[in-house]
There are 2 protein chains.
Amino acid sequence: MREFKKKARILLIDDNADHLRGIKELISIETGYDIAGTTTNANIGINLVKKYRPELVIIDVNMPEKDGLQAIQEIEKLGLDTRILVLSGYDDADLIFRAMKIGAKGYVLKTMASAQLIYAIDEVLSGKVYLPSALSSRFFEYFQRSFKEENSASTEENLLTYLTSREEEVLELLTQGNNYKGIAGKLFISETTVKTHVNNIFQKLQVNDRTQAVLYALNNGFGKKFRTKISA
Amino acid sequence: MREFKKKARILLIDDNADHLRGIKELISIETGYDIAGTTTNANIGINLVKKYRPELVIIDVNMPEKDGLQAIQEIEKLGLDTRILVLSGYDDADLIFRAMKIGAKGYVLKTMASAQLIYAIDEVLSGKVYLPSALSSRFFEYFQRSFKEENSASTEENLLTYLTSREEEVLELLTQGNNYKGIAGKLFISETTVKTHVNNIFQKLQVNDRTQAVLYALNNGFGKKFRTKISA
DNA sequence: ACTGATTTAAATCTATGGATTGATAAAAAT
DNA sequence: ATTTTTATCAATCCATAGATTTAAATCAGT
């Protein structure tokens, strides 16, 4: 008699063998999930992911040799539907941010109660993204700090607002790498007209050439489909 | 006899006058905070913030005339230590994401229990960033989707990897808007050498001019202090 | 010691970019 | 009604960008 609902398989990657064994037992005793494998080596772990395609990978990011984040990224690049739960010794906001950014579905501290880990596993396996509330606060603060500069830096007026709508169209095409001829063709106007517009754009943005104009546009939220730089 | 600890003052901005009154009463009855003012108009609200500098602004983002997000941004630009709690009718992930991005410290739905609102107010006033867990899940999913493309898009090889270290330096300066002369001066090499490098860069990146090269660099994670585009 | 890639550079040439001036017509604002 | 802004175009003219070729010195790896 077979079960229809396959039990989720979990792969553990942690350089600390003791810790590895502890988690394995915890999962075996407290949950119904299968342990697809355990390893103390990140590279081996990645290969195991390829081989067994577990539903979940629990990985320690604080490993000496291979960077845990890098391992996560490589697993994500495989494009499988393997979810990743990060285990970390530190509640470093930057680390959390980066882990979540590259696709981790959860992040729990080693110091947290085992019940918390079990809960996180359940949540992540059920398709949710899970961060303990303490960490999620840290995450949000970091998130906002990351975006702060660009928003507050706009205390100085945005020169883009002085552009006419036509000039905006021209600039848009500039930011797509078009030359004069290309822009003229796409807007059905003469090349000299384009030059006029571009010159006016230069004046208004106080730049000297198209590259600087494009850079200004990109760095000042042009296209409103907000491109953003996050400087960590 | 005066209290030493000043009671936090809260400003309410909501185009729905009934709702405004309801929240006002709720806060008066259930909390010890002062209502610094209430208004149905976003622009007036911004002026009230300037005038009274409340510790907290509760603002409805679903307003017809002035965009709520824009109002938030303008309040943030004032650079005061006024925290913003967003009130919204929709649990739109994009809206949540954008609100938090521009500095909102909390986001609660109008449909949520009033106890939830009170709790959010307390949390935000105590300096935390607060999202109800249901919304925070949505936020994380949106967050990860936003960053997904750039991470997985690197399936197709990144032409930047073919650049030599010198070419990278030159490209870096290109992305800062330098012309040949500027680059030559900064690298202490001749202008013709710069041209050679730039030409090689064009070949390797398969582009026709400096602007396209810069755009390629920016869109393919050049500068490793990870610039990122978030296409909503 | 040889090979190949990198970095440097010059000479030359053409194409494109960009500045400047001046002009017309429609649209918008006063 | 008239002034200003916007969008359009042309004709110059000079500067810069970019393509191409050739070549020397350095450096890393076999």
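Protein chains get the first letters and strands the later ones, always in sequence-line order, with residue 1 at the start of each. Predicted, not measured: the structure shown is a model, and the values here were computed from it. Atom set for the values below is all heavy atoms of this structure, side chains included, hydrogens, waters and symmetry mates excluded.
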Margin query: Filter on salt bridge (Lys or Arg N to Asp or Glu O under 4.0 Å), then keep only pairs touching residues 193-212 of chain A, sequence neighbours left out; what's left?
Written below: Glu167(A)-Lys204(A)

Next item on the list: Using atom OH of Tyr162(B) as one end and atom C1' of dT6(C) as the other, report the distance to the nearest whole Å.
Entry: 18 Å

Notebook entry, point to check: Who passes side-chain hydrogen bond (donor to acceptor under 3.5 Å, both in side chains) against Thr192(B), sequence neighbours left out?
Noted result: Ser190(B)

Item checked: OP1 or OP2 of dT7(C) under 4.0 Å from side-chain N/O of His197(B) -> no

Sort me out a list of protein N/O and nucleotides 9-17 of chain C N/O pairs below 3.5 Å, or just none if empty.
from	atom 1	to	atom 2	distance (Å)
dA9(C)	OP2	Ser190(B)	N	2.7
dA9(C)	OP2	Thr193(B)	OG1	3.0
dA9(C)	O5'	Thr193(B)	OG1	3.2
dA10(C)	OP2	Ser190(B)	OG	3.4

Notebook entry, point to check: With sequence neighbours left out, what residues match Phe139(A) under ring-ring contact (aromatic ring centres under 6.0 Å, His included)?
Noted result: Phe97(A), Phe140(B), Phe143(B)

Check: How would you list, by chain and number, every residue that makes a side-chain hydrogen bond (donor to acceptor under 3.5 Å, both in side chains) with Tyr180(A), sequence neighbours excluded?
Finding: none

Next item on the list: Please name all residues satisfying salt bridge (Lys or Arg N to Asp or Glu O under 4.0 Å) with Lys186(A), sequence neighbours left out, ordered by chain then number.
Entry: none

Notebook entry, point to check: Quick one: are Ile121(B) and Tyr33(B) in side-chain contact, heavy atoms under 4.5 Å?
Noted result: yes

Next item on the list: Mind checking side-chain hydrogen bond (donor to acceptor under 3.5 Å, both in side chains) for Ser88(B) and listing every partner two or more places apart, or none if nothing turns up?
Entry: Asn62(B), Tyr107(B)

Note to self: If the condition is side-chain contact (heavy atoms from CB on, under 4.5 Å), which residues does Leu78(A) pass it with, not counting sequence neighbours?
What the structure shows: Val49(A), Lys50(A), Leu80(A)

Notebook entry, point to check: Over how many whole Å does the gap from Asn208(A) atom CG to dG18(C) atom C1' extend?
Noted result: 10 Å

Next item on the list: Using the test side-chain hydrogen bond (donor to acceptor under 3.5 Å, both in side chains), find all partners of Glu141(A) that sit at least two apart in sequence or belong to another chain.
Entry: none

Next item on the list: Apply side-chain contact (heavy atoms from CB on, under 4.5 Å) to Asp81(B) and list each qualifying residue two or more places apart in sequence or on a separate chain.
Entry: none

Next item on the list: At under 4.0 Å between heavy atoms, which parts of nucleotides 25-30 of chain D does protein reach? Answer with one letter per nucleotide, 5' to 3': B base, S sugar-phosphate only, - none.
Entry: ------

Can you pull every protein N or O that's under 3.5 Å from an N or O on nucleotides 24-30 of chain C?
none

